[in-house]
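Side chains included, hydrogens not; waters and symmetry mates left out as well; all remaining heavy atoms used. Chain identifiers are assigned alphabetically (A, B, ...) following the order of the sequence lines, protein sequences preceding nucleic acid strands; residue numbering begins at 1 within each chain.
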Amino acid sequence: MEWLSEFGAIAAMQGFNGLSVFCVLLLMALGLAIIFGQMGVINMAHGEFLTIGAYTTFVVSVLTEQYAPFFGPYYFFLAIVLSFFIAGAIGWLVEWAMISKLYQRPLDTLLATWGLSLVMQQAFRSIFGAREVSATLPEWLMGSWNPTEAIDIPRNGLFVMGLTVLITAMIFLMLYRSRWGLQVRATVQNRVMSRAVGINTKKVDRMTFALGCGVAGVAGAAFTTIGSTGPTAGSLYIVDTFLVVVFGGASSLLGTIASAFSIAQAQSLMEFFMSGSMAKVFTLSAVILILMLRPQGLFSIKVRK
Amino acid sequence: MNPTLDKFLGGKQGAIGLAVLATLILVVFPLALDAFRLNMVGKYLTYAFVAVGLVLCWGYGGILSLGQGVFFGLGGYCMAMFLKLEASDPESTKIQSTPGIPDFMDWNQITELPLLWQPFHSFGFTLLAVIAVPVILALVIGVAMFKRRVGDVYFSIVTQAIALILTVLIIGQQGLTGGVNGITDLKTLMGWDIRDDSSKLILYFINAFLLFGCILIGRFILASKLGRLLMAMRDKEERVRFSGYDVASFKIFVFCVAAAFSAIGGAMFALQVGFMSPSFVGIVPSIEMVIFAAVGGRMSLLGAVYGALLVNYGKTYFSETFPELWLYLMGGLFIAVVMYFPNGLAGVWESHGRKHLEKLLQRFERKSVAPVAAVSPAPAPAPEAKQLETTP
């Protein structure tokens, strides 16, 4: 019976590993699902907004350590809020300067935002240096939780998971229960008609884009608890994130959650049997194959165009 | 505008543009540059193959593939595998624990040449594979995507994911592909040393002639009915479909042609540069290849060549002199070209340069100018670019 409990422990830990990959993917994908799924803008710089959040957290942690050590245990919450607003504000500016002029040409937003991502990466490198940095974690985020002797679940993973649930719930409330969410969905479905009934679609677009970038910033803050941050940290995830959004059905938030979950679990499960790179190859290939069978993704909403 | 002048600029302009480019590549560069720089230009020109293919499938067909590096890489790897096998004859690899196999396989404790590598002993097979492997992959992707009417944006994302998959695969399968380092140390082609200056010169000219071949094929396609259908499809796909045309097949065809062009570029790259590595396959190089076409002009086959030359020259120059600045410049270039010059250099030429040339020629000809109901060219340079390209 001993091997059984050991196997159970390994399965639980591998499953948990998959869950933390799921959280990072989902936090990235939620922002992108708003920007790409709702607005149809292909934001290749989305990963850099995550990096903004990560660097913000790093800066807050350094400042706290130097000037307000007593604030140490709580700084993380301030960092999350700041990450959201800084990434959101930069997103707001980007929409104003660039995206708002390209709504008619979605493929061109792809190229322009790719250029933006190059500029931002170099800016990170100029400001923070090419080397990876990491924020000092508060005491309560370190260590792990042991429900049984064999199972070892890191606390930061649990925290990220809680944060993911919270952010997801908030986005759901905002999109489906608030007046603003109603305006976003109306604008997406029929821009001309929305304008005709008095919705300021320009303002809605700008706010939506800023919100998507802000969520990416929060993802970045969460990201710092798991790994260190470099100038190209965000761009490593961008393709996976796009696949998650597309796989889930671009305009469905539930689909995004389901696809992030299945991709993350598939990858972590396969990593148990083969090398990480082959697991990635198989997962991505499977996603592409399924996309060929269901081009609109797992959960597609029928939209009249 | 008088009719002869108009014919001259519209009808013969294609030929003149080609002649100018041919003079530049075949006469000016070989005379003006030393062997090292010329080899570098040859390397840039291999990217021009990809850019020319992108003009066909993106500019005219509306299909933005972000995975052209995949085809470039596959072509390059096929060629590199042949060259590597030739470079690892039993004599020169006798210090290995298994002589006669490529050195990196020996480092990875592989004792026998893998099955995948066996056919690459034959040059004929290699030449076939350089074209066939990428085209078959493009065919599979194209059929799977276009027959199911997968939209343009989705197509771009899927091709990007394929670029990622192939890179991860190449890096992961070290024993088979040489991993991150790629396939290096390529020496001879059928016993002919490809590394000395004279053979590099010959390869440069072969490369240039192949490029012109691709441009002419591109022009032929665009001047045919297929070219007009492509443009119609890009602008109003539904209407073309309702007119009874099989839209998917046209898209698949032009995507395969672009893949074949890229693959030729990749094979020539391996020959001229002497190695092939996954850093030319992935997402970043694939998007950079798109920017070559965008800078030159997504609607102009010749523009794409200029774009590839200019951007690569800029890249080499700036990353040598101001490495810090390069990414800013490259990023700024992306943004500026997309936002302000959607038709690239060719578009700028169409809307500004051409007018000046017309004036200059008018002064020379001194003929009466017949009034022509002209369509204002300023807001949409695209129709003029089309006109330029549809002239064979």
Relative to chain A, which segment of [X] carries a heavy atom at a distance below 4.5 Å: side chain, backbone, both, or neither?
X        : answer
B:Trp58  : side chain
B:Tyr154 : side chain
B:Val337 : neither
B:Leu164 : side chain
B:Ile287 : side chain
B:Leu66  : side chain

Is [X] close to chain B through its backbone or its side chain, or both, or neither, when contacts mean heavy atoms under 4.5 Å?
X        : result
A:Leu111 : both
A:Leu284 : both
A:Leu116 : both
A:Ala97  : backbone
A:Leu110 : side chain
A:Phe282 : neither
A:Met98  : both

I'd like to know which of A:Gly40, A:Ala123, A:Ser275 tops the heavy-atom pair count under 4.5 Å against chain B. A:Ala123
Could you check which of A:Asp240, A:Leu243, A:Val281 has the highest count of heavy-atom pairs closer than 4.5 Å to chain B?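 Answer, by heavy-atom pair count under 4.5 Å with chain B: A:Val281.
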Write down the atom of A:Leu50, the atom of A:Gly234, and the distance for their closest heavy-atom approach.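 Heavy atoms of A:Leu50 and A:Gly234 come nearest at CD2-CA, 3.9 Å.
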With under 30° as parallel and over 60° as perpendicular, where do the rings of A:Trp114 and B:Phe334 fit, or are they tilted in between? tilted
[X] bridged to [Y] by N-O distance under 4.0 Å:
X        : Y        : value
B:Lys251 : B:Asp246 : no
A:Lys280 : A:Glu271 : no
B:Arg298 : A:Asp108 : yes

Distance under 6.0 Å and angle within 45° of ring axis: A:Arg191 vs A:Tyr103: yes
